[in-house]
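Okay, structure first, notes after.
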Amino acid sequence: MGTLFVRLVNINPPYCMKSLFFSALFLASAGIGYSWTVVRPPDAVEIRSGQWPISLERTTDRPGVSFSLIFRDQQVAYATVLDTLDFADVQQLRYFDQGLAALKKGTNGDIARFKEYSIARADKKYEGIWYILRDPYASTTFQQPEADRLSRAIRQW
C-alpha cells in the first residue's frame with residue numbers, strides 16, 4: 001500500500017497534463033465524428049427493390065440540397081428505363097408528401113395534381129391501396145406500405 005502511494009505522488013505533472021489534454025481532445029473529436037454520422041440521415045433510401053425499383057436520393061450541392069425520386073418506367077416492359085422526378089428543394093418534396101397524405105385519407109379515384117406530375121389513388125379489392133405516379137414521360141405504381149416508407153424518408157429530411 002505504501003508503494004502505491006509513492007507511485008501516485010511521483011507522477012510527473014507536465015507529462016500528466018499533456019496526456020490528459022490530448023486524451024480529452026481525442027475523445028471530443030471522436031464524439032463529434034460519431035454524432036455527425038449517427039444524426040445525419042442517409043443520402044439515399046431504397047423504397048422498393050427488385051424488378052421495379054424506386055429510390056429517393058438527396059444531392060448536396062454548393063447552392064443547396066435537391067432531391068430525386070428515381071423509378072423504373074412501367075410503360076416500357078421489355079427494357080429497363082429509369083426516370084427521375086426532381087425536386088428543387090425540401091419544400092417541393094414535402095408537397096409531394098402532403099399529396100400522399102391527402103390521398104391516404106381519400107377514396108378510390110382521387111388525384112393529386114402538381115405542375116410536373118400527378119399521383120392517383122387506385123384501390124384494388126384484394127390488394128389494398130395502390131398509387132399511380134405519372135410524370136410527362138413515365139409512370140409507376142406503388143402500394144401503401146411503400147408510400148409510408150417514402151413519407152418516413154421525407155420527414156427525416
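The shown structure was predicted, so the numbers you read here are calculated from the model rather than taken from an experiment.
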Minimum heavy-atom separation for [X] to [Y], with atom names?
X: D73; Y: S139; result: OD1-N, 3.2 Å
X: S68; Y: T84; result: CB-CG2, 3.7 Å
X: A138; Y: F71; result: CB-CE1, 3.9 Å

Atom [atom1] in [X], atom [atom2] in [Y]: separation rounded to 0.5 Å?
X: L133; Y: S118; atom1: CG; atom2: OG; result: 7.5 Å
X: I70; Y: T140; atom1: CD1; atom2: OG1; result: 12.5 Å
X: L150; Y: R155; atom1: CG; atom2: CZ; result: 10.0 Å
X: T141; Y: I119; atom1: OG1; atom2: CD1; result: 13.0 Å
X: E46; Y: E146; atom1: CD; atom2: CD; result: 11.0 Å
X: D83; Y: R134; atom1: CG; atom2: CZ; result: 14.0 Å

- Set of residues satisfying salt bridge (charged side-chain N to carboxylate O under 4.0 Å, His left out) with respect to D89, sequence neighbours excluded: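 Not a single residue meets the salt bridge (charged side-chain N to carboxylate O under 4.0 Å, His left out) criterion with D89.
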- Task: Would you please name every residue forming a salt bridge (charged side-chain N to carboxylate O under 4.0 Å, His left out) with R121, sequence neighbours left out?
- Result: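 With neighbours one apart ignored, the set is D123.
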- Do L56 and F114 share a hydrophobic cluster, counting only Ile, Leu, Val, Met, Phe, Trp and Tyr and linking them when any side-chain heavy atoms are less than 4.5 Å apart?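 Yes; tracing contacts between hydrophobic side chains, which count when under 4.5 Å, links both residues.
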- Query: Does one hydrophobic cluster hold both F142 and W130, with members joined at side-chain heavy-atom distances below 4.5 Å?
  - Reply: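 Result: no, two separate clusters.
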- Give a yes or no answer on whether the side chain of R149 reaches the backbone of I47 with a donor-acceptor pair at less than 3.5 Å.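 Such a contact is found between R149 side chain and I47 backbone.
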Do the side chains of [Y] and [X] get nearer than 4.5 Å, heavy atoms only?
X: L69; Y: F96; answer: yes
X: V81; Y: Q75; answer: no
X: Y131; Y: I129; answer: yes

- Item | Other residues, nucleotides, ligands: >12 heavy atoms within 6.0 Å of Y95 OH |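 No.
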- Item | Worked check of side chain to side chain contact (heavy atoms under 4.5 Å, CB included) between V45 and R152 | CA-CA 10 Å; V45 177; R152 260 183 270 131; over 6 Å; no
- Query: After noting the C-alpha distance and the side-chain angles of R72 and T80, does the key distance pass the side chain to side chain contact (heavy atoms under 4.5 Å, CB included) rule?
  - Reply: CA-CA 7 Å; R72 182 173 172 193; T80 302; 3.9 Å; yes
- Using the side chain to side chain contact (heavy atoms under 4.5 Å, CB included) rule, take R94 and V90 through it: C-alpha gap first, then chi angles, then the decisive distance, then the call. CA-CA 6 Å; R94 293 214 170 115; V90 73; 3.8 Å; yes
- Task: Could you tell me how the ring of Y117 sits relative to the ring of F87: parallel (under 30°), tilted (30 to 60°) or perpendicular (over 60°)?
- Result: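 Answer is perpendicular, since the angle exceeds 60°.
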